[in-house]
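To start, the structure itself, in structure tokens.
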Amino acid sequence: MSVPDASTHASTGLRNHVYDLVVLLQQAAEDVVRYTAFAADGREGGDEELASWCEELTRSDREVVGRAKRLLAQRLT
């Protein structure tokens, strides 16, 4: 994914750093969904190592989601 230039950010009505947090939150949330599906696929295919790793990635990105939400909330109030 390419990072939009500053002129794209300005058109959102959000300051660049707030926009960046929104994008980080979105990407991490999408990764949680993706990794959860990958873990299920691994388990279904009998690959417990892959399933376990994907679950680890899910936990990590859930932490990213939580932190991004907190940071974003502070900047929107």
Side-chain angles (χ1 to χ4, degrees):
M1 177 179 137
S2 64
V3 176
D5 65 26
S7 63
T8 303
H9 288 218
S11 67
T12 66
L14 297 170
R15 295 178 61 179
N16 287 349
H17 70 283
V18 174
Y19 176 86
D20 295 343
L21 274 170
V22 170
V23 172
L24 287 167
L25 174 59
Q26 176 188 5
Q27 289 299 310
E30 289 175 357
D31 285 345
V32 167
V33 172
R34 191 173 3 263
Y35 297 147
T36 300
F38 292 170
D41 290 346
R43 191 156 281 112
E44 184 179 305
D47 192 336
E48 214 34 61
E49 182 179 19
L50 174 61
S52 178
W53 182 44
C54 289
E55 288 167 350
E56 179 183 330
L57 292 169
T58 299
R59 285 189 299 275
S60 175
D61 270 33
R62 280 191 180 130
E63 290 177 16
V64 172
V65 166
R67 186 166 185 187
K69 284 172 45 178
R70 287 188 299 279
L71 290 170
L72 187 58
Q74 292 169 355
R75 283 147 183 84
L76 291 176
T77 56

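Computed over heavy atoms, backbone and side chain alike; hydrogens, waters and symmetry mates excluded. Here the structure is a predicted model, which is why all the values come from computation and not from measurement.
Listed by first then second residue, pairs satisfying salt bridge (Lys or Arg N to Asp or Glu O under 4.0 Å) with a partner in residues 26-38 read Asp31-Arg34, not counting sequence neighbours. Among residue pairs with one or both ends in residues 65-75, none qualify as side chain to side chain donor-acceptor pair (under 3.5 Å); sequence neighbours excluded.
Between Thr36 atom OG1 and Asp41 atom CG the span is 11.0 Å, to the nearest 0.5 Å. Here the CG-CG distance, from Leu25 to Asp20, works out to 12.5 Å after rounding to the nearest 0.5 Å.
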Please tabulate, one pair per line, all N/O donor-acceptor pairs under 3.5 Å involving side-chain atoms of residues 52-66, not counting sequence neighbours.
| from | atom 1 | to | atom 2 | distance (Å) |
| --- | --- | --- | --- | --- |
| Glu55 | OE2 | Arg43 | NH1 | 2.7 |
| Glu55 | OE2 | Arg43 | NH2 | 3.1 |
| Thr58 | OG1 | Cys54 | O | 2.9 |

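With respect to Val18, the side chain to side chain contact (heavy atoms under 4.5 Å, CB included) criterion is satisfied by exactly one of Leu71, Val23, Thr12, Leu72: Leu72.
The shortest heavy-atom contact between Ala51 and Gly42 is CB-C, 4.3 Å.
Note on Tyr35 and Val32: separate hydrophobic clusters, where clusters join Ile, Leu, Val, Met, Phe, Trp and Tyr whose side-chain heavy atoms are under 4.5 Å apart, directly or indirectly.
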